[in-house]
Amino acid sequence: MTPAPVRVRFAPSPTGFLHIGGARTALLNWLFARHSGGSFILRIEDTDRNRLTAGAVEGLMDALRWLGLEWDEGPDKGGPHGPYVQSERKALYHAWANGLLEQGKAYKCWATPEELQRAREIAQKSRGGKIAGYERIYRFISDAERAQVQAERGDAYVIRFAMPLEGETVVHDRVRGKIVFDNADQSDTVLLKSDGFPTYHLAMAVDDHFMQISHVMRSDEWVPSLALHQQLYEAFGWPAPEWVHLPVILNPTGKGKLSKRKPPVDEKGNPIPVMVHEYRELGYLPEALVNFLTNIGYSFGDDREVFTVEETIGRFDLRRINPASGTFPMQKLIWLNGKYIADLTDEDFITRVTPFLQAAYGERFEAASLHAITPFIKERVNPLMQAVALIKFLYVYDPSPAEELIMKKMDAAQTSTILERSHALLSTIEPFVHTATEPPMRDLVEALGFKPGQVFGTLRQAVTGQLVSPPLFESMEVMGKATSLQRLAEAQARLAAG
RNA sequence: GCCCCCAUCGUCUAGUGGACUAGGACGCCGCCCUUUCAAGGCGAAAACAGGGGUUCGAAUCCCCUUGGGGGCACCA
């Protein structure tokens, strides 16, 4: 018997942007599909009509593609098992829900929110916290009663699954092993809502079956409903897929899941973005993010931390998923991203950083200076967004006030001398390249009896208007002789004036 | 409260009964380099949650406790 082909899916609901945790789930699915030569399917779970968000599907697809997680079947590209949007599959869900109804494996429930609330409270008081099953109000009524409610309340019902009341449901999870649920602890979950849309549980079971999903790889938070899902498959008479439950990513500070509601912060107090597009906008490289994400809750078992996607695909192994949930190691992402940026070719770096500079400086941005400064900033820019502040002096000159020109343990007169002598010396140097400017300037520092830091600090402020910049002589070279000298002269004038 | 899951340095992890005086990485700390900021080099500190078993032998297996997480919707 040949094993069924691997078919996995990522099934987000279009309620907002792609969450970093969702990205990891998608990534692991994608890796598994690519490793096994299987298919990765994108399915949109839009059965909650109240939470639909305009543009969400496009945003989700955009983020997935930015990460490089292309799908084989999906809403925009079709496939043999479509449609891939649940709201377009309503007839299917109805058919199968009604089938269950006919077999007595599901039942109509007319309970109002108030009835449910009351039943819940009674259960809570009388059964010491064991409230499972409180919702079974309409499960065991007689045919006559049923006919009467039907007549009175009409179509205002939901279809609930009639969970077995006794026994156990045993489920095998690929990362957790055997999980046993006591059926008596389970509830009769709603399968079909009164608006005619299915709940997640029904839609998932039906879709995964008909889309021939081999492995359901999803977040941990679904484990509690595993008994239901397993029983649902049995009720339908379908073989259940392999279950693979991934640990969730926790918030390092507040504890609990990583979420946008409680903005997470790392050990240094820096914010941890939660949405994939935020990483993109800050200048994290998708390949760095992908590498990083595979290192959370997963490991190849060796001492390596950095690897290409191709390598990850080749070596991916479901059995190496760690069942324990962990916190988001932001500092490690920053480190990894810095490594990836530093390893970029100059060409590639320029391509990636240009959009950030264009957004910040518009028409004042020009490519030539970026090209020239690139070798000196690649290791200082992480994430890419930092380039905007680091090389601002190339596009916008924001002169430092006079007092900022004066370094520690220096006074105005000394600073003025430095500015004057530097200007005089630099104006004689040709060509104006850092290898030509730096040695004589170092000699000057010594001749004047100062420390390099004192002199170069003053010059940096004068010439860039920044406290932090790329190396001074390289920066001046890129700026050009005329601009450099002019800024030195202006700085000296400001010092004299103020 | 009830049900389920999880548990190795601060953090991400390696470890599948003996090779563990527990390895790597990030971070932290110290030193070096240094014109700022990075990067880099060298070095150090740092963990098997606790208690019971099983075994000749336990980080590894079992139980309890504790701690953390998830779920208990006509949301997914």
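Residue numbers start from 1 in every chain, and the chains themselves are labelled A, B, ... in the order their sequence lines are given, proteins ahead of strands. Just so you know, these numbers use all the heavy atoms, side chains as well, and skip hydrogens, waters and symmetry mates.
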Nucleotide nearest [X] when distance is taken to its side chain, options [options]:
{"X": "A:T327", "options": "B:C12, B:G71, B:U13", "value": "B:C12"}
{"X": "A:V468", "options": "B:C5, B:C37, B:A14", "value": "B:C37"}
{"X": "A:K332", "options": "B:C37, B:C4, B:G24", "value": "B:G24"}

With sugar-phosphate meaning primed atoms plus P, OP1 and OP2, does [X] contact a base, only sugar-phosphate, or nothing at under 4.0 Å between heavy atoms?
{"X": "A:F376", "answer": "nothing"}
{"X": "A:G338", "answer": "nothing"}
{"X": "A:K257", "answer": "sugar-phosphate"}
{"X": "A:P12", "answer": "nothing"}
{"X": "A:V158", "answer": "base"}
{"X": "A:N322", "answer": "sugar-phosphate"}

Give the rounded distance in Å between these two atoms: NE2 of A:H229 and P of B:A76.
11 Å
Indicate the ring-plane relationship of [X] and [Y], choosing parallel, tilted or perpendicular according to the 30° and 60° boundaries.
{"X": "A:Y279", "Y": "A:F328", "result": "tilted"}
{"X": "A:H201", "Y": "A:H229", "result": "tilted"}
{"X": "A:W243", "Y": "A:H245", "result": "parallel"}

Hey, is the side chain of A:Y134 poking within less than 4.0 Å of OP1 or OP2 on B:A73, counting only N and O atoms?
yes
May I ask which nucleotide in the shown strands pairs with [N], Watson-Crick or G-U wobble, both distances under 3.5 Å?
{"N": "B:G67", "answer": "B:C6"}
{"N": "B:U16", "answer": "none"}
{"N": "B:A25", "answer": "B:U11"}
{"N": "B:G1", "answer": "B:C72"}

Distance check, C1' atoms only: B:G10 and B:G27, in whole angstrom units.
8 Å
With rounding to whole Å, what would you report as the distance between B:A19 and B:C37 at their P atoms?
46 Å
Between A:S299 and A:S194, just flag the one whose closest nucleotide in RNA chain B comes earlier from the 5' side.
A:S299
On RNA chain B, more 5' by nearest nucleotide between A:V175 and A:V248 is A:V175
Taking the six-membered ring for Trp, are A:F197 and A:Y93 closer than 6.0 Å centroid to centroid?
no
Carboxylate-amine/guanidinium contact A:E474 A:R380, below 4.0 Å:
no
Ignoring hydrogens and geometry beyond distance, is the side chain of A:E379 in donor-acceptor contact with the base of B:G40 at under 3.5 Å?
no
